Protein chains: 2
Amino acid sequence: MTGQACSNTDKHGENVGQVRSTMLSEKDFLFLAELFKALGDYTRVRILYALSVSELCVCALAEVLDMSQSAISHQLRLLRAARLVRYRKEGKNVFYALDDDHVDNLLKQGLDHIQEEGQV
Amino acid sequence: MTGQACSNTDKHGENVGQVRSTMLSEKDFLFLAELFKALGDYTRVRILYALSVSELCVCALAEVLDMSQSAISHQLRLLRAARLVRYRKEGKNVFYALDDDHVDNLLKQGLDHIQEEGQV
DNA sequence: TCTTCAAATGAACAAATGCTCATATGTAAA
DNA sequence: TTTACATATGAGCATTTGTTCATTTGAAGA
């Protein structure tokens, strides 16, 4: 909470200054956190993974994940807010898909990371 | 919660089956969610970004983020659990660093995504 | 040994989250 | 227009989360 936490400011002083000047804006960090937060839920990550395989309507998603339509819809709302998915309406249905390749890449990168875990 | 949510099973039936068979294990999705959850917090994402610039001890991190040592330490605990950071002890200090390149890549990929947002 | 300082941790509590249930909205068929 | 169905949303509630405060652990210096 205070300015300096430990006494050896001399030692890490240079680093602290350098890192501080490299930090992004509060807004950027908030967006970044929001993005990962949206990915960071068991239900939502399954939704996104499913959508990486195929575009799906809400009821199909509910069926794939074996969850209520309401629960899925609430989560899709968050995913929309985080711009991780886009949708198109077709009659009574609404079809969802991943917003862009970044989302797919994030999932893949995440999978790489957790699959590497086994080695450690 | 039930098996099928909507009636046009005929239409999306094929997709549902295909997607279902492609889904990962519950364990994998839980790990994946855990990973992104660890990234999905304003404080933690700032910690990780700072560590992507330079290895830092806890007190230096507290100084950079202007937060209490305790708060930082609690968050580092989560980041350790998610294997996003590693640490080495040097005297009274503990220096933290990103665990591997995947973490760096995830951050970069995330930044790409949020910076692209502006266009939409 | 005693003291000091960096880091870790447990308890507590306010705030955020994810679900259910009930209901509203909107589209299409009867 | 009614009816039926897909989706969205609001309220409510149990659970999780992120911080503070107090304390503990552990290493280095007096």
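In what follows, every chain begins at residue 1, and chains take the letters A, B, ... in the order their sequences are listed. Here the structure is a predicted model, which means the values were calculated and not measured.
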| message | Can you see whether A:Tyr96 has A:Arg86 sitting over its ring - NZ or CZ less than 6.0 Å from the centre and within 45° of the normal? | response | no

| field | Short side-chain N/O contact from A:Arg44 to OP1 or OP2 of C:dG18, under 4.0 Å | value | yes

| said: Quick check: do A:Leu61 and A:Ile72 have side-chain heavy atoms less than 4.5 Å from each other? | reply: yes

| remark: To the nearest angstrom, the CG-C1' distance between A:Asp41 and D:dT16 comes to 11 Å

| message | What I want to find out is whether A:Lys108 reaches A:Asp104 closely enough, with some N-O distance under 4.0 Å, to be called a salt bridge. | response | yes

| remark: Ranking C:dA8, D:dT19, D:dG26 by distance to the side chain of B:Arg80, first place goes to C:dA8

| Rounded to whole angstroms, how far apart are CD on B:Glu90 and C1' on C:dA6? | 13 Å

| task | Take atom CG of B:Leu56 and atom P of C:dA6, then tell me their distance rounded to the nearest Å. | result | 15 Å

| task | Would you tell me if any nitrogen or oxygen in the side chain of A:Tyr42 comes within less than 4.0 Å of OP1 or OP2 on C:dT17? | result | no

| request: Could you check how far CD of B:Gln75 sits from P of C:dA7, rounded to whole Å? | output: 16 Å

| task | Starting at atom NZ of B:Lys89, determine the distance to atom P of C:dA6, rounded to an integer number of angstrom. | result | 16 Å

| task | Please check the phosphate of C:dA6 (OP1 and OP2 only) for any side-chain N or O of B:Tyr87 closer than 4.0 Å. | result | no

| note | When A:Val94 and A:Lys37 are each assigned the nearest nucleotide of DNA chain D, the 5'-most assignment goes to A:Val94

| request: Round to the nearest Å and state the distance from A:Met67 atom CE to C:dT20 atom P. | output: 6 Å

| field | Side-chain N,O (B:Thr43) to OP1/OP2 (D:dT19) below 4.0 Å | value | yes

| Are side-chain heavy atoms of A:Glu26 and B:Tyr42 found at a separation under 4.5 Å? | yes

| query | Is the phosphate of D:dT20, meaning OP1 or OP2, less than 4.0 Å from a side-chain N or O of B:Ser68? | reply | yes

| task | Take atom CD1 of A:Ile47 and atom P of D:dA8, then tell me their distance rounded to the nearest Å. | result | 11 Å

| Hey, does B:Phe95 have a side-chain heavy atom less than 4.5 Å from the side chain of B:Val58? | no

| said: Can you identify which nucleotide, out of D:dT7, D:dT9, D:dT19, has its nearest atom closest to the A:Arg77 side chain? | reply: D:dT9

| Out of C:dG26, C:dA7, D:dG10, which nucleotide sits closest to the side chain of B:Gln69? | C:dA7

| note | Winner on side-chain proximity to B:Lys92, out of D:dT7, C:dA6, D:dG18, is C:dA6

| task | State whether the aromatic ring of B:His74 stacks on the base of C:dT9, taking stacking to mean ring centres under 5.5 Å apart and ring planes under 30° to each other. | result | yes

| remark: From the candidates C:dG18, D:dT19, D:dA8, the one with an atom nearest any side-chain atom of A:Leu78 is C:dG18

| message | Can you confirm whether A:Arg88 sits close enough to A:Val94 that some side-chain heavy atom of one is under 4.5 Å from a side-chain heavy atom of the other? | response | no

| remark: B:Leu79 atom CG is separated from D:dT17 atom P, nearest whole Å, by 14 Å

| Does A:Ser70 get its side chain close enough to the base of D:dT7, under 3.5 Å, for a donor-acceptor pair? | no

| task | Nearest-nucleotide wise, let me know which of A:Gly40 and B:Tyr96 is further upstream toward the 5' end of DNA chain C. | result | B:Tyr96

